[in-house]
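The chains referred to below are lettered A, B, ... by the order of the sequence lines, with proteins before strands, and numbering in each begins at 1. Basis for what follows: all heavy atoms, side chains included, without hydrogens, waters or symmetry-related copies.
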There are 2 protein chains.
Amino acid sequence: MSDLGSVVFYTIERAIKTYRQFAQRRLVAAGSTLTVDQWLVLNVLEEEPGIQQGLVAELVFKDKASIARMVDLLVRTELVERKVPASDRRSVSLRLTRKGKRELVGITPVVEDYRKRALKGVKAGDIVALQGTLNRIMANCDE
Amino acid sequence: MSDLGSVVFYTIERAIKTYRQFAQRRLVAAGSTLTVDQWLVLNVLEEEPGIQQGLVAELVFKDKASIARMVDLLVRTELVERKVPASDRRSVSLRLTRKGKRELVGITPVVEDYRKRALKGVKAGDIVALQGTLNRIMANCDE
DNA sequence: GATAGTACAATGATATATCAATTGATGATG
DNA sequence: CATCATCAATTGATATATCATTGTACTATC
């Protein structure tokens, strides 16, 4: 178990990294210039238009600072709009631009496809078990 | 399954990130200034003294460029030595300094402890299953 | 032994992760 | 209503990830 224990985290890292590289290759092959993380953020904005940055950070499990910088980029590339609501001028309200929506719609089938490919031959029960184990690990790591 | 499929990668990311943050907190709490990744590299050098950079990159599943920069840091902090062997002057041979060995020895029990904590209540069978599933995903992602 | 191809590493550019410090705005309390 | 604590976001500093490019050294082939 000690042996397994020393390797399992390495396996998890390797797996998620392999998957991300795979996903990124697929995005590039589909002609997108988005990164996987940028796609994630766009996806959140699609589902929660007007959301503020801090909430996006929570939803995608990233740092607020990272999100701020990603949004900078997405605004620069005109995929996302920042607005400051009068109700609370500390916050910003994010939403997709027309261009952002188009980009997202175009790329979504690509994402669905590579997710499906990555999970080929993996049974639903395997996924449930995996999530259970990972949840347990996360609980152990929350002190 | 489509639903599960869209969430499972997110869970994996979240799990490994949670674990890394946990590990980093533990290192800091133990008075170390190492990052988790730096510890990994030191550990490889302990086990394979004289190894060259490209091989380290493979072993820890990182980019060669990342390793080059990490080694820069570790050399600057005097934990690692770079030597250019006469046999092949393109390559570099890496090994721990005395200080690096001391640091590693001091921190190893901390690492073992937090690994054990992170896996508390996780059965050996769960780990085997998890690795099986992740290996399958990785195989799917290698085209 | 000159040349072409290949191998190893370093570097530049850009994106992300994290922590700390700061700024500006809001809300609570005296 | 003035002050203080808190909150949202930005910014700076440093570390890592990735890709492309470059530089240097080796190797094979002619």
Nearest-0.5 Å distance that lies between atom CG in B:L27 and atom OG1 in B:T33: 9.5 Å

Sub-3.5 Å donor-acceptor pair from the side chain of B:T11 to the main-chain atoms of A:Q131, do we have one? no

Name every residue in residues 78-87 of chain A that has at least one heavy atom under 4.0 Å from any atom of DNA chain D, in order of residue number, or write none if there are no such residues. A:R82

Along DNA chain C (nearest heavy atom to each residue), the more 5'-positioned of A:D63 and A:D88: A:D63

Has A:R102 got a side-chain atom pairing as donor or acceptor with A:T97's backbone, closer than 3.5 angstrom? no

What residue pairs, at least two apart or across chains, pass salt bridge (charged side-chain N to carboxylate O under 4.0 Å, His left out) with a residue in residues 40-65 of chain B? B:D37-B:K62

In numerical order, the residues of residues 48-62 of chain B whose heavy atoms come under 4.0 Å of DNA chain D are B:K62

To the nearest Å, give me how far apart CG (B:D72) and P (C:dT11) are. 7 Å

Using a cut-off of 4.0 Å on non-hydrogen atoms, how would the nucleic acid contact of B:S66 be classed: base, sugar-phosphate, or nothing? base

Where each residue is assigned the nucleotide of DNA chain D containing its nearest heavy atom, which of A:Q21 and A:A65 is assigned the position nearer the 5′ end? A:A65

Over all strands shown, is A:K64 touching base, sugar-phosphate only, or nothing at heavy-atom distances under 4.0 angstrom? base

Between B:Q52 and B:S93, do the side chains contain an N or O donor and an N or O acceptor separated by less than 3.5 Å? no

A:K101 atom NZ, over 12 foreign heavy atoms within 6.0 Å: no

Keeping the roles fixed (side chain from B:N140, backbone from A:K120), state whether a donor-acceptor pair exists under 3.5 Å. yes

Quick check: on DNA chain D, is the nucleotide nearest A:S91 upstream (toward 5') of the one nearest A:R25, or the reverse? Name the residue that is more 5'. A:S91

Sorted by first residue and then second, give each side chain to side chain donor-acceptor pair (under 3.5 Å) pair with at least one member in residues 73-82 of chain A; sequence neighbours left out. A:Q53-A:R82, A:D72-A:R82

Is any side-chain nitrogen or oxygen of B:R90 closer than 4.0 Å to OP1 or OP2 of C:dA9? no

Checking A:V60, A:N135, A:L134 against B:R14 for side chain to side chain contact (heavy atoms under 4.5 Å, CB included), the one that qualifies is A:N135

5' to 3' on DNA chain D, which nucleotides open and close the contacts with chain B (atom under 4.0 Å from a heavy atom)? D:dA15 to D:dC26

Which pairs pass salt bridge (charged side-chain N to carboxylate O under 4.0 Å, His left out) with one or both residues in residues 83-96 of chain A, sequence neighbours excluded? A:D88-A:R90

Assign B:D37 to base, sugar-phosphate, or nothing according to its heavy-atom contacts below 4.0 angstrom with the strands shown. sugar-phosphate

Donor-acceptor contact present, side-chain B:Q24 to main-chain B:L34, <3.5 Å: yes

For A:I67 and C:dC19, give me the distance from atom CD1 to atom P, rounded to whole Å. 15 Å

